[in-house]
Protein chains: 2
Amino acid sequence: MQAEAPGRVQDVRRQNLAVALGAIQRTERSTRAEIAARTGLTKASVSSLVAGLLETGLIEEVGVTRDGERGRPGSGLVLNRQRGALGAEVNVDYLAAGVVDLLGEVRVHEVVERPPGGSPEEVLGELRALARRATTAAEADGMVLLGGGLAVPGLVDPAHGTVLTAPNLGWRNAALAQHLEALLPGAPLGVVLSNEANSAALAELWYGHGSSFRDYLYVSGEVGVGGGLIFGSELFAGPGGHAGEVGHLVVQPDGQQCSCGGRGCLETVAGQHAIFSAAGIDGTSTADRMAALLGALDAGSPEAARAVETAGHYLGVALASAARMVNVSAVILGGHFAGLQKWIRPSLLRSLDSYAPGVVPPDGVAFSGLGQTAALRGAAGSRLREVFASPHDLLN
Amino acid sequence: MQAEAPGRVQDVRRQNLAVALGAIQRTERSTRAEIAARTGLTKASVSSLVAGLLETGLIEEVGVTRDGERGRPGSGLVLNRQRGALGAEVNVDYLAAGVVDLLGEVRVHEVVERPPGGSPEEVLGELRALARRATTAAEADGMVLLGGGLAVPGLVDPAHGTVLTAPNLGWRNAALAQHLEALLPGAPLGVVLSNEANSAALAELWYGHGSSFRDYLYVSGEVGVGGGLIFGSELFAGPGGHAGEVGHLVVQPDGQQCSCGGRGCLETVAGQHAIFSAAGIDGTSTADRMAALLGALDAGSPEAARAVETAGHYLGVALASAARMVNVSAVILGGHFAGLQKWIRPSLLRSLDSYAPGVVPPDGVAFSGLGQTAALRGAAGSRLREVFASPHDLLN
DNA sequence: CGAATTAGTATGGAATCTGAACTATATGGC
DNA sequence: GCCATATAGTTCAGATTCCATACTAATTCG
């Protein structure tokens, strides 16, 4: 804590508003007295803080419920389900937009499939139409959207709204700030870019296996292999903002050239293309090839089994190093790894046990069950978390 | 910031004391007016805060210095050089203790060589005598010691004062809490355990190459290969407290068995023993063998050159993965790597460029110049930083 | 229907910041 | 030398926000 900024007396209230809101968020229904007991604040302070939170619109007072206990019943406080955020996702062969409320529930969800390719302008134009459909539907329902998040499969600079590089979209240094603003015009918090694997890692934290692990490495298997690090229920982005990129750990010092310019990266043996070609699977769309691979595995094709086993082996090599490096003991595998769970798990566990015995135990290896909405939910959820972290900002 | 603890009005002062002290720390000599200008606090607040800091004894008022400027001259404020911390180190073949003042200068330094081996009790008994010599010398000089740090080559649990495992000392689950207290009886902040590589990484930050890099991976080459991660001028310890351990990244999936139970770890090709035996160097003490290796290299021995080159190559493989994983662009090499700089640098740079082109540029590779006092200075320095972070704790 | 119990509000006191007015101490021009 | 100017530091009133205590409100139990 190399404290730079001086503290003001008002900052105390900023923090306590967040503390009180956090207490409300963690239970179905709270009363002022319960909040005081849980946070350690006095009843008087809580009364004042709750008044402020009611003013932000983030919480609502629901009537008293006589629960049969002795004494005056408290009046219930709940998160306002009429507040939410936009979540959006650009991926290689589809676009998605949705609205997530303060409780984390997906209230609206729109997806369109589209052929790969297109400039950032074209793609974001299509996405805007989709987002408009989603937001008007939500607003017709009485919802107010506070901000939004857009997940893309690539490295991003959220501060400037720029996609630095997204090889599978063919984008490089794409400045999207204006397009982001257009997705949700006039929202208090705007729309922020994020990396798809990071967003999926957060979605896993909030809506998936996150209840089991406080610290883990999430690995997203797509055409590329991405990753996100969660420490203490927070995303760890690293100094440059791109930590957790396991796809380019070196697992075969004498291996193939990688698209990143390096050699023997994990992606060259465990990315989708690598597995498909090792298994001898052709096809046009990713979905088709994935189906064909699963079919071959089911049919007992030794070629397919060996391809997946090899991927699992090298995934284990990479995860052994990664787990040691950042000192985590759990990994969650998403994307194609989740679909291949049954076939990839044995070789992965063997490999982990042999390269880093005891570091990642078998029950520290989990497979994602969230499917394709993970990134979208994570992107919207991260904006909602910002609201929870500083509700004060919503007070004029 | 999943804020849990409610804020009090008093917390504002806690923070502002640290802010003011930080402003004083960053310049040779400050005045209240300068502090106000630099921090954004008002002159009135700074006056009050400085009064509090004077009470802690951490700063001193030195007389006014007429500098020829117009207007009333400010009265100078400086860090009190009579306050400091104990730094201590247990290593395989020596013990060290020293006293570091608030400016980071080593005021007393005591080292004894000793044969390897000994139980934690024996070793800490010897260390206590050494520490007593150092502290009485410092106290005779008028110094007051606020706390201390002890660096050991192994994984530690600072909260409980336990060495979890230190293979090169032969220690395992050694509970040292009482011995730590005995090193500096009655000090306000006590003595805290730390990992040697982490402490050296911090020493590098404060007294070495840290001025050039805000984020880097420090690699300590000893019998084992340890590491420490510095992000944003802070040590990143990871969820379990042991992040940055590069010694056990897998660099040869088909390589040798490692003492950690894994296979093909960096340590098996770049640790001191690995290099010595690959170079065909025998000898009893580490210092002797190191001297022999340097002699062989100077004499142009192809065997020695190849051993070091191989170590550099695999060090590059590990650092390529590590840098990608945690997204740093600089590494600082200490321990035997620093001594071998001239011979190891070329193969390391080639390897980095080939496995992670552009990630760690050549001028992001630095070699430590701190020598053997690094860990001691880091251990003491980290306690002093705690003082800087919360000076309030020193007020009655 | 009153005693007991719990929820929530109102009020006074303490801590601490800010801003403006004030005092202290220097330089520089005449 | 003296006074205007400039800068450093202090004092004091006002604002904010917390806590502690006393109070009012609403319910259950006997």
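Numbers restart at 1 for each chain; the letters A, B, ... are given by sequence-line order, proteins then strands.
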Touch class at under 4.0 angstrom, heavy-atom based, for A:A44 against every strand present
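Result for A:A44 = base.
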Is A:S48 touching bases, backbone alone, or none of the nucleic acid, heavy atoms closer than 4.0 Å?
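Since no nucleic acid heavy atom lies under 4.0 Å of A:S48, the category is nothing.
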Atom-to-atom span, [atom1] of [X] to [atom2] of [N] - whole angstrom:
X	N	atom1	atom2	answer
A:R13	D:dC19	CZ	P	11 Å
B:I35	D:dT10	CD1	C1'	15 Å
A:R29	C:dA7	CZ	C1'	12 Å
B:L395	C:dT16	CG	P	10 Å
A:Q15	D:dT16	CD	C1'	16 Å

CG-CD distance between A:L77 and A:E34, expressed to the nearest 0.5 angstrom:
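With rounding to 0.5 Å, CG (A:L77) is 9.0 Å from CD (A:E34).
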Proximity of B:F236 and A:F236 rings by center, below 6.0 Å
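Yes: the rings meet the under 6.0 Å criterion.
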Polar atom pairs between nucleotides 26-30 of chain D and protein, under 3.5 Å, N or O only, would you list them?
{"from": "D:dA26", "atom 1": "N3", "to": "A:R72", "atom 2": "N", "distance (Å)": "3.4"}

Specify the closest pair of heavy atoms between B:A85 and B:L384, including all atoms of both residues, with the distance to one decimal.
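Residues B:A85 and B:L384, closest heavy atoms: CB-CD2, 3.6 Å.
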How close do A:V100 and A:Y207 get, counting heavy atoms only, and between which atoms?
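Looking at all heavy atoms of both residues, the shortest contact is CG1-OH, 4.2 Å.
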Considering just the side-chain nitrogens and oxygens of [X], establish if one lies under 4.0 Å of OP1 or OP2 belonging to [N].
X	N	result
B:R8	C:dA15	no
A:S47	C:dT9	yes
A:N16	D:dT17	no
B:T42	C:dG19	no

A:V12 or A:K43, whichever maps to the more 5' nucleotide of DNA chain D:
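Mapping each residue to its closest nucleotide by heavy atoms, the 5'-most match is A:V12.
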Can you work out whether B:V9 or A:P6 has the more 5'-proximal nearest nucleotide on DNA chain C?
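That would be B:V9.
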Restricting to side-chain hydrogen bond (donor to acceptor under 3.5 Å, both in side chains), what partner residues turn up for B:H392, sequence neighbours left out?
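With neighbours one apart ignored, the set is B:R14.
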Looking at side-chain heavy atoms only, is the closest gap between B:I35 and B:L41 below 4.5 Å?
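Answer no - side chains too far apart.
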Side chain to side chain contact (heavy atoms under 4.5 Å, CB included), paired with A:L58, selected from A:N80, A:L102, A:I24:
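Single pass found, and it is A:L102.
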